Student: 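One structure, as structure tokens, below. Some questions next.
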Amino acid sequence: MKISNVEVIEFRTTSHSRPSRWGYGIYLGDAKTVDTISTLTKISTDEGIEGYMLGGNKELIEGVAKPLLLGEDPLDREKIWNWLDQMITFGPHFTERDAGIIDCALWDLAGRLTNLPVHKLLGGARDRVKCYASTAPNLGGPEVYYEHVKTCKQQGYKAYKVHAYICWNPHTDEPAPQLPGFPKEDLEICRAVREAAGDDMVLLHDPFGVYTFEESIWMGRELEKLNYFWLEHPMIETRVESYRRLTRELDIRILAPEHVPGGSFARAEWALQNAADMLRIDVYYGGLTGCWKLINLCQALGINCELHGPGWPHAQLLGAAPEATCLYYERGLLRPGLDDALAAPYLNSIPDPLDDDGNVIISQAPGLGLDLNWDYINEHRVKR
Ligand SMILES: [Mg+2]
């Protein structure tokens with residue numbers, strides 16, 4: 001079997017957020033949407049088997065990666081993964097994100113070929129996984145989060161993650177640069193959430209890198225008093241030494257890095273530096289293959305590897321990983337009034353349905369389990 005084509009399908013859809021000039025999505029509220037273009041990467045073979053992954057930059061994947069992939073055996077994922085890793089390092093304008101998307105599409109193809117879900121190819125560990133409700137940022141003041149966590153608890157969620165004021169000034173109610181952040185205002189939200197959630201709910205806080213070192217220490221100690229489970233990505237992640245000192249000084253678990261390039265290799269260095277208590281990665285930093293390598297490294301080191309963000313590839317990885325290494329699926333981003341069981345218009349179903357105990361049920365469909373609405377995608381296809 002040989003790869004016969006690599007294509008990035010572009011289609012028009014809508015989004016509830018738009019990027020601010022500070023680079024972080026600003027939510028528009030339920031009533032408003034903006035038009036956007038989404039993509040789907042498709043890998044075809046001479047035997048008619050295909051693999052898919054949402055996302056992908058058309059110019060990079062078709063212009064740079066496709067010539068490398070044509071004629072290759074799509075089951076040689078490790079060989080291709082290493083080639084793509086080298087392209088990221090010194091290739092012409094290729095990204096880690098696009099390499100990850102290609103890797104995911106190859107896993108999807110292998111699953112469709114064998115008629116098995118990816119977590120069974122990796123080695124099945126579980127058919128459902130604990131999850132936390134992960135809020136959208138900038139939902140409003142403490143009273144909004146107070147009500148939202150109560151609603152989530154009623155829905156069955158056992159854990160809840162606060163994204164408070166991120167690239168948002170609560171005093172002017174306008175977009176703001178990432179630094180300086182608003183730790184005192186964030187803490188008011190974290191306190192309200194603990195008060196509303198009660199003692200038994202697991203609580204997490206993610207400031208998305210908006211604090212200084214001193215602010216992170218201060219916030220970490222306050223969150224320890226409130227019995228928060230982890231403090232995630234509190235500072236800019238280019239400064240590893242700050243994280244090493246923070247991890248040493250605080251009792252609360254530090255979860256990082258979320259957004260450093262270098263995938264599993266960079267995160268191995270973080271582990272050697274003791275720069276975090278728990279490591280973090282997603283498929284845009286090394287694909288499913290890279291995430292799986294890091295999960296196994298973390299298992300050997302006896303530390304957690306918590307996957308960043310929702311989606312089919314992460315559900316499949318969690319289905320192959322034991323809870324002792326990968327505790328949670330991140331479900332979101334949620335906000336009041338959002339129907340979290342409603343799929344995006346280009347999907348027939350969501351990747352993360354919940355059971356009655358607040359666990360995410362892992363898809364048993366072949367491959368990644370992507371449930372694409374082809375009528376919608378074809379109808380909204382961008383023709384160049
Ligand atoms: Mg985060």
Side-chain angles (χ1 to χ4, degrees), residues 17 19-20 22-27 96-97 100 129-139 145 148-149 152 157 159-168 178-179 181-183 186-187 189-190 193 202-212 215-216 219-220 223 228-240 242-243 246-247 250 252-264 266-267 270 275-286 291 294-295 298 303-311 313-315 317-318 326-335 352 360:
S17 70
S20 79
W22 312 113
Y24 200 90
I26 300 298
Y27 284 81
E96 205 165 352
R97 185 178 188 87
V129 58
K130 288 181 180 176
C131 78
Y132 55 88
S134 186
T135 76
N138 315 316
L139 295 181
Y145 288 81
H148 187 239
V149 68
C152 289
Y157 286 106
Y160 183 88
K161 188 168 91 182
V162 174
H163 290 106
Y165 299 110
I166 300 172
C167 296
W168 191 264
Q178 196 159 3
L179 289 164
F182 297 92
D186 289 354
L187 181 60
I189 288 173
C190 291
V193 166
V202 173
L203 297 180
L204 319 162
H205 178 45
D206 176 11
F208 201 76
V210 304
Y211 300 159
T212 63
E215 288 168 345
S216 300
M219 178 59 96
L223 293 180
Y228 270 57
F229 186 75
W230 78 48
L231 172 59
E232 171 181 332
H233 177 198
M235 304 176 289
I236 292 172
E237 293 173 330
T238 45
R239 299 129 206 222
V240 183
S242 300
Y243 271 91
L246 188 72
T247 300
L250 289 177
I252 189 172
R253 298 163 187 84
I254 301 298
L255 175 63
E258 185 168 290
H259 292 292
V260 299
S264 54
R267 284 154 181 81
W270 276 62
D277 295 295
M278 311 162 90
L279 294 185
R280 191 144 181 81
I281 196 167
D282 63 50
V283 292
Y284 305 114
Y285 292 97
C291 289
L294 187 67
I295 287 168
C298 285
I303 58 177
N304 278 62
C305 182
E306 294 298 317
L307 296 176
H308 164 232
H314 291 171
L317 280 161
L318 292 169
C326 299
L327 193 47
Y328 285 118
Y329 177 97
E330 178 170 15
R331 198 163 188 276
L333 301 172
L334 307 180
R335 57 189 185 275
D352 45 16
V360 163

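FYI, side chains are in, hydrogens and waters are out, and symmetry mates aren't considered; it's all heavy atoms of this structure. Keep in mind that what you see is a predicted model, and the values were worked out from it rather than measured. Just so you know, ligand 1 is whichever comes first in the structure, and atom 1 is the first atom listed for that ligand.
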Student: Is the ring pair Tyr211/His205 parallel, tilted or perpendicular, if the boundaries are 30 and 60 degrees?
Tutor: tilted
Student: By atom name, which N, O or S atom belonging to Glu232 lies closest to the Mg ion (ligand 1)?
Tutor: OE2
Student: Centroid separation under 6.0 Å, is that true for the rings of Tyr160 and His148?
Tutor: yes
Student: Rounding to 10°, state the angle centred on the Mg ion (ligand 1) that links OD2 in Asp206 with OE1 in Glu258.
Tutor: 170°
Student: Which distance, rounded to the nearest 0.5 Å, do you find between the CG of Leu255 and the OH of Tyr328?
Tutor: 12.0 Å
Student: Side chains of Arg331 and Tyr157 only: does a donor on one sit below 3.5 Å from an acceptor on the other?
Tutor: yes
Student: How about Glu330: does one of its N, O or S atoms come closer than 2.8 Å to the Mg ion (ligand 1)?
Tutor: no
